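Below: one structure, written as structure tokens.
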Number of protein chains: 2
Amino acid sequence: MAPVTADQTTVRDANLGVVLRHVRDGGAISRARIAAETGLNKSTVSSLVGELIELEVLTDTGLDERPGSVGRPAATVALSGRHAAVGIEINVDYITVAVEDLAGETVSERQIWRDLRGAPPGPVLDELAVIVGGELAGACASGRLPYGLGIALPGLVDTASGVLLRAPNLRWDGAAIGRELASRLEPLRAIRVENESNLAALAELWHGEQPRPRNFILVFGEIGVGGGVVIDGSLFRGAHGFAGEFGHVTVAPHGDRCGCGANGCLETLAGLEVIARRAGLALSVGERNPSLSAELRTRAAAGEARTIDSLDVAGVAIGMALGTASNLLDLDAVVLGGAFAELAPWLVGPIERELRTRFMAARWSPFRVVASSITDGPVRGAAAIVLRDIFDNPRVALDSVGSAR
Amino acid sequence: MAPVTADQTTVRDANLGVVLRHVRDGGAISRARIAAETGLNKSTVSSLVGELIELEVLTDTGLDERPGSVGRPAATVALSGRHAAVGIEINVDYITVAVEDLAGETVSERQIWRDLRGAPPGPVLDELAVIVGGELAGACASGRLPYGLGIALPGLVDTASGVLLRAPNLRWDGAAIGRELASRLEPLRAIRVENESNLAALAELWHGEQPRPRNFILVFGEIGVGGGVVIDGSLFRGAHGFAGEFGHVTVAPHGDRCGCGANGCLETLAGLEVIARRAGLALSVGERNPSLSAELRTRAAAGEARTIDSLDVAGVAIGMALGTASNLLDLDAVVLGGAFAELAPWLVGPIERELRTRFMAARWSPFRVVASSITDGPVRGAAAIVLRDIFDNPRVALDSVGSAR
DNA sequence: ATCATTTGTCTAACAGGCATACTAATGTCC
DNA sequence: GGACATTAGTATGCCTGTTAGACAAATGAT
């Protein structure tokens with residue numbers, strides 16, 4: 001409850017972050033240029049860079065060898081990639097584990113396809129912990145310092161406690177994923193649990209194709225439909241981190257019953273299996289998702305009418321929901337992620353049509369609808385949200401860990 | 001584009017704000033208690049309070065005369081009320097002007113009922129400027145320093161330029177209200193233009209009844225329906241300040257055409273005149289709004305079935321839209337404002353019913369639906385949003401104005 | 001070889017918060 | 001009534017951190 005007061009260390013922390021993020025965004029750069037571009041004093045920058053090198057988040061990258069430059073050559077610094085985080089995505093029918101370092105490089109990634117609907121969480125987490133342990137060991141072996149662990153889940157997550165409160169598709173309601181997984185692993189500095197679509201949105205913000213919008217909703221379509229909202233370059237989480245439940249926007253007030261208990265949620269019209277069923281595909285139990293979205297794509301590309309119609313119905317519903325979402329959230333863009341990215345060619349048309357009439361500010365807002373080129377958004381976002389601690393406040397995040405050996 | 005770096009003045013500015021807001025929220029208080037409650041050092045607080053008194057935002061309020069206390073009696077300080085701002089609400093059928101001081105006191109308030117639909121803005125602003133000039137003169141006469149002017153408008157506002165982009169009900173599209181009004185008045189430190197519902201939400205946050213939610217949507221129902229979203233105690237504005245257009249959430253995809261061009265917006269089912277018409281009231285042209293909502297209230301209270309049914313239809317639609325809004329925004333509460341506050345007894349029931357089934361996180365979110373007790377939200381919010389500058393950063397906002405005489 | 005130019009570090013000055021010591025004003029207890 | 005405890009507010013010296021400017025280092029141009 002005590003208000004947040006400031007003192008000199010607040011200033012230092014803020015400026016360490018400014019320099020670090022500037023290097024992240026601009027790549028290898030000299031101290032002099034950092035000073036010129038941030039407005040900080042040369043000597044301040046020297047001191048800040050020195051501390052960041054000590055924390056092992058920056059590293060010297062030799063002299064800037066650009067020809068034609070007069071004067072003493074600049075010694076550049078860049079992100080070190082020494083610190084790394086593990087990202088995990090547990091979805092309805094697959095699990096992905098990836099290790100990403102501070103420089104944004106994906107160190108390793110593994111994916112396992114398995115239908116987890118109704119499976120008890122315990123054994124899954126046991127197995128997962130073994131995999132993660134292996135990845136952590138691998139990261140250490142390659143000289144990296146594991147900073148933390150991020151977990152992407154397809155449902156309502158209480159981020160404070162790390163509990164998956166409600167996952168209508170997975171049916172792991174009330175599972176304390178964060179705590180359970182932590183207890184199976186060596187201690188880490190940070191363990192964070194978040195909704196998968198929120199993390200996919202973060203991945204888009206961090207790693208998406210240029211030009212990256214700063215106000216957008218990432219619509220993540222798999223068996224369920226989720227949304228992650230980014231406003232002014234930061235994740236919008238709402239009161240408890242439940243924001244962006246885009247799949248449960250009402251699009252047909254008296255429509256089909258949804259897993260969440262309401263009627264006519266977007267998910268009941270635009271979920272991947274719903275699209276497939278409406279397109280006439282027979283779903284075998286345990287059907288593997290990758291073949292599912294690929295199958296739809298193939299049929300649509302071949303001009304199969306029922307599939308195209310089904311995608312059109314989904315597109316209209318998505319567009320309608322997006323109109324409402326845009327009116328409430330004031331967005332600049334929609335990014336289609338997950339299976340929706342693959343199916344984008346057939347979705348973008350109806351989405352744009354609906355948006356044009358339903359989004360009030362359309363005329364003043366340069367709206368874009370694009371497909372994400374990131375296929376592993378949630379895992380990368382999961383790693384990223386953990387590493388973001390370091391970019392936000394390197395000294396607090398790393399404290400004395402830099403000296404850990 | 002240059003990143004925001006910090007130095008010692010940043011610290012000072014932040015702490016000045018912390019102390020000022022602490023005094024605002026806690027009322028008359030001693031320097032010692034400020035220190036204890038904020039965690040700042042006693043001497044720092046002394047110095048900060050000294051500067052705030054010099055800026056005339058705080059004032060000495062004598063000794064704390066509570067009996068039974070041992071030790072030297074405390075000298076308390078409180079908000080001075082020396083600085084004041086004018087709030088203006090231009091709505092479809094009325095204009096309100098109010099002066100509010102830094103202590104939150106409404107110094108004066110005037111309201112004019114007139115149907116402005118289609119009226120040219122110029123003459124209205126001429127007349128308005130005269131009224132505002134009079135209010136400013138009055139404020140000066142009572143020893144107050146006019147700080148700024150806030151304007152609440154029923155439509156899409158470009159807050160950067162102060163232009164009313166689109167007001168479907170008022171039809172003043174593209175009017176540069178901020179600039180036009182500024183040119184008719186003595187110069188002021190700040191002129192801000194905002195959507196009326198956003199400002200009503202701010203008023204609720206600042207002046208509403210306890211306990212005040214910190215994550216809510218204020219649904220402002222008059223002839224149009226608007227929404228103002230507050231997340232974690234601050235106004236959610238979205239990418240361009242267009243957020244919270246709650247009246248244009250789609251609730252009936254193939255419903256009636258709305259003034260905004262879309263079909264089945266909430267406004268087409270729950271706007272005040274729509275409710276009245278559906279209840280069988282004959283609307284004379286230029287009918288005055290206060291009699292309209294009062295008439296509905298009277299009939300409903302008398303148990304008139306058509307009126308109650310009409311309100312129920314509106315309530316269901318509002319509840320449906322709120323389910324969607326809550327799923328996207330993750331809210332803790334709904335506050336009904338404007339005419340909806342008066343009609344709340346007949347709206348709350350259906351709203352809560354719909355919300356319970358449609359809001360996914362309902363079980364983990366202690367949701368409340370309440371009626372606002374503030375009848376002049378937009379004007380008060382308009383004044384408040386201007387005064388907020390001072391609370392955010394007193395030194396920057398007031399600079400050398402404290403010495404103006 | 002000398003000079004201009006640019007980089008990076010060093011030093012002194014300044015801003016601001018903090019701990020501590022001190023003075024001031026009150027109530028309590030004998 | 002006076003000594004003492006208690007609390008409020010101020011003054012002093014120190015620490016952290018940024019800044020401006022001086023300076024040394026490293027290079028290309030003349």
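Here the structure is a predicted model, which means the values were calculated and not measured. No hydrogens, no waters, no symmetry mates; every other heavy atom, side chains included, goes into these values. Numbered from 1 within each chain, the chains take letters A, B, ... in sequence-line order.
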If you look only at distance, which donor and acceptor atoms sit under 3.5 Å apart when one is on a side chain in residues 234-243 of chain A and the other is two or more places apart or in another chain?
| residue | atom | partner | partner atom | Å |
| --- | --- | --- | --- | --- |
| Arg237(A) | NE | Glu194(A) | OE2 | 2.6 |
| Arg237(A) | NH2 | Thr159(A) | OG1 | 2.8 |
| Arg237(A) | NH2 | Glu194(A) | OE2 | 2.7 |
| His240(A) | ND1 | Asp330(B) | OD1 | 3.0 |
| His240(A) | NE2 | Asp332(B) | OD1 | 3.0 |

| request: Supply the atom-to-atom distance Leu102(A) CG to Glu56(A) CD, rounded to the nearest 0.5 angstrom. | output: 11.5 Å
| Is any NZ, NE, NH1 or NH2 atom of the basic residue among Arg380(A) and Glu100(A) found under 4.0 Å from an Asp or Glu carboxylate oxygen of the other? | yes
| Which is true for Ser30(A) with a 4.0 Å heavy-atom rule: it touches a base, it touches only sugar-phosphate, or it touches nothing? | sugar-phosphate
| query | Looking at dT10(D), dC18(C), dT18(D), which one has an atom nearest to any side-chain atom of Leu48(A)? | reply | dT18(D)
| task | Ignoring backbone atoms, establish whether Ser46(A) has a side-chain N or O less than 4.0 Å from OP1 or OP2 of dG8(C). | result | no
| field | Summary of side-chain hydrogen bond (donor to acceptor under 3.5 Å, both in side chains) pairs that have at least one residue in residues 15-32 of chain B, sequence neighbours excluded | value | His22(B)-Glu37(B)
Tabulate protein N/O versus nucleotide N/O from nucleotides 20-24 of chain D, keeping only pairs under 3.5 Å, one per line.
| residue | atom | partner | partner atom | Å |
| --- | --- | --- | --- | --- |
| dA20(D) | OP2 | Asn41(A) | ND2 | 3.4 |
| dA20(D) | N7 | Asn41(A) | ND2 | 3.2 |
| dA20(D) | N6 | Ser43(A) | OG | 3.0 |

| field | Side-chain H-bond candidate by donor/acceptor type, Thr61(B) with Thr76(B), under 3.5 Å | value | yes
| task | Nearest whole angstrom, please: distance from the C1' of dA15(C) to the CD of Glu51(B). | result | 12 Å
| task | Apply the test salt bridge (Lys or Arg N to Asp or Glu O under 4.0 Å) to residues Asp101(B) and Arg82(B): give CA-CA distance (whole Å), side-chain angles for both, the deciding distance (0.1 Å), then the verdict. | result | CA-CA 7 Å; Asp101(B) 70 21; Arg82(B) 185 80 205 282; over 6 Å; no
| remark: From CG of Leu63(B) across to C1' of dA25(C) the rounded distance in Å is 9 Å
| task | Please state how far atom CG in Asp7(A) lies from atom P in dC15(D), giving the value in whole angstrom units. | result | 16 Å
| task | Specify the separation, in whole Å, of atom CG of Leu52(A) and atom P of dG17(D). | result | 13 Å
| query | Between Ile34(B) (CD1) and dC18(C) (C1'), how many Å, whole number? | reply | 17 Å
| salt_bridge(Asp389(B), Arg189(B)) N-O dist < 4.0 Å | no
| field | Side-chain donor or acceptor of Arg212(A) paired with backbone N/O of Gly208(A) under 3.5 Å | value | yes
| query | Distance from Ile29(B) atom CD1 to Leu58(B) atom CG, nearest 0.5 Å? | reply | 10.5 Å
| For Arg388(B), all residues meeting salt bridge (Lys or Arg N to Asp or Glu O under 4.0 Å), sequence neighbours excluded | none
| Looking at dT27(D), dG8(C), dG9(D), which one has an atom nearest to any side-chain atom of Pro73(A)? | dT27(D)
| message | Distance alone, cut at 3.5 Å: any donor-acceptor contact between the side chains of Thr10(A) and Asp13(A)? | response | no
| remark: The correct set of residues in residues 8-24 of chain A placing a heavy atom under 4.0 Å from DNA chain C is Gln8(A)
| query | Between dG9(D) atom C1' and Ile53(B) atom CD1, what is the distance in whole Å? | reply | 12 Å
| task | Drop me the distance from Leu40(A)'s CG to Ser46(A)'s OG, to the nearest 0.5 angstrom. | result | 11.5 Å
| task | Check the distance between dT16(D)'s P and Arg395(A)'s CZ and give it to me in whole angstrom. | result | 11 Å
| message | Both Arg31(A) and Thr5(A) contact DNA chain C. Which one's nearest nucleotide lies toward the 5' end? | response | Arg31(A)
Between the protein and nucleotides 1-3 of chain D, list every N/O to N/O distance that falls short of 3.5 Å.
none

